[in-house]
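Before any comments, here is the structure.
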Amino acid sequence: MAITTGIEIDCTDLQAAGGIRNILIRSWATGDAIVYTNSASLHGISSIVDSGGTTAIWKNFEFKNELPSLTVTASKENGSTSYESSLSFMMPDMDSKKGVVLQEMMDTCMMVIAIGTNGKAYVLGVSQKYSNEKATIRNQTYASMTGAEGASGAAYNDDNGWTVTLGCKQWEALRVYSGTISLYSGTTTSTTT
């Protein structure tokens, strides 16, 4: 692949804030349908829906503000470039309800959308390059829970809660979701179309 264009930085790029404002997670399901968008200016996903449906249901994960962080590290070995993605967030209060959810996440193949304060929705655990041939089960590059740390804190003003880390190894850069995301309102689910 040849380099066909450069990168321009405009004023809005220079004024952009960091951080994550929403985290959506779902388990891979048989027959999930994903539409990839590939062009000279776009490396994204325009649709994620359940098998035979018009939407996909996602679970919302709320967190303590200004603590979530998404990092992507690219490395090249033996001619292959891989991208290690890691999303970390803190759920306040180590209660049993959160413990149940952590148990569910422990052995689940997931896909994740992390919506930045810049409005971009980054998709983890979904890859066009290494999707399964029959497209009836999860990608080969699914996201998983790579760590969780609970802490009660020692002082009265210390944090009490779970810090969760989700990660995935992909063989292409993270894609930005350009489809419609309907964020939750009074429930713990959102949808994509």
Side-chain angles (χ1 to χ4, degrees), residues 18-34 45 47-51 53 55-72 83-117 119-127 132 136-154 156-170 174-177 179-193:
I20 302 294
R21 65 180 170 128
N22 296 92
I23 296 173
L24 310 176
I25 303 173
R26 69 186 299 269
S27 297
W28 271 94
T30 301
D32 283 341
I34 298 168
I45 295 175
S47 176
I48 299 174
V49 298
D50 293 332
S51 175
T55 63
I57 296 174
W58 297 75
K59 301 298 181 189
N60 299 296
F61 283 76
E62 293 188 338
F63 44 81
K64 190 163 183 181
N65 286 341
E66 296 189 16
L67 290 180
S69 102
L70 171 62
T71 58
V72 181
Y83 297 84
E84 295 274 353
S85 301
S86 180
L87 174 65
S88 179
F89 60 98
M90 195 268 198
M91 298 184 297
D93 189 12
M94 289 192 314
D95 64 13
S96 59
K97 183 177 179 182
K98 292 178 187 78
V100 168
V101 172
L102 290 175
Q103 284 297 120
E104 290 173 352
M105 293 172 69
M106 190 180 312
D107 297 317
T108 301
C109 299
M110 297 175 277
M111 61 176 81
V112 179
I113 296 178
I115 303 172
T117 56
K120 291 183 175 61
Y122 306 101
V123 183
L124 289 79
V126 178
S127 171
N132 282 319
T136 57
I137 58 172
R138 54 138 179 88
N139 265 195
Q140 295 177 37
T141 56
Y142 59 89
S144 62
M145 186 172 76
T146 58
E149 181 180 339
S152 67
Y156 293 129
N157 61 348
D158 287 348
D159 284 330
N160 174 319
W162 288 100
T163 299
V164 179
T165 304
L166 306 175
C168 65
K169 184 174 187 173
Q170 299 183 174
L174 285 185
R175 291 177 180 263
V176 174
Y177 189 78
T180 301
I181 299 175
S182 299
L183 292 173
Y184 68 107
S185 175
T187 67
T188 59
T189 61
S190 293
T191 58
T192 55
T193 57

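Being a predicted model, the structure only gives us computed values, none of them experimental.
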When you measure from the side chain of [X] to the backbone of [Y], do you find a donor-acceptor pair of N or O atoms at a distance under 3.5 Å?
X: Arg26; Y: Ile57; answer: yes
X: Glu62; Y: Met91; answer: no
X: Thr192; Y: Ile48; answer: yes
X: Thr55; Y: Thr193; answer: no
X: Thr146; Y: Thr165; answer: yes
X: Asn160; Y: Met94; answer: yes
X: Thr117; Y: Gly18; answer: yes

May I ask you to test the [X]-[Y] pair for a side-chain heavy-atom distance under 4.5 Å?
X: Val164; Y: Met105; value: yes
X: Leu24; Y: Leu183; value: yes
X: Thr191; Y: Trp58; value: no
X: Asp32; Y: Trp28; value: yes
X: Leu87; Y: Tyr122; value: no
X: Leu166; Y: Ile25; value: yes
X: Asn60; Y: Asn22; value: no
X: Ile113; Y: Ile115; value: yes

Spacing of CE belonging to Met106 relative to OG belonging to Ser144, to within rounding of 0.5 Å: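 Atom-to-atom, Met106:CE and Ser144:OG are 11.5 Å apart.
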Pairwise distance CG(Leu124) to CD(Gln170) - rounded to 0.5 angstrom: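 Taking CG in Leu124 and CD in Gln170, the distance rounds to 6.0 Å.
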Which heavy-atom pair separates [X] from [Y] by the least distance, and what is that distance?
X: Leu102; Y: Trp162; result: CD1-CD2, 3.3 Å
X: Met90; Y: Thr163; result: CG-OG1, 3.6 Å
X: Thr141; Y: Cys168; result: O-CB, 4.0 Å
X: Tyr177; Y: Ser47; result: OH-CA, 3.5 Å
X: Lys169; Y: Glu84; result: CD-OE2, 3.3 Å
X: Met111; Y: Ile34; result: CE-CD1, 4.4 Å

Please, which pairs that meet side chain to side chain donor-acceptor pair (under 3.5 Å) have at least one residue in residues 94-103, sequence neighbours excluded?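 Sorted pair list: Asp95-Lys98.
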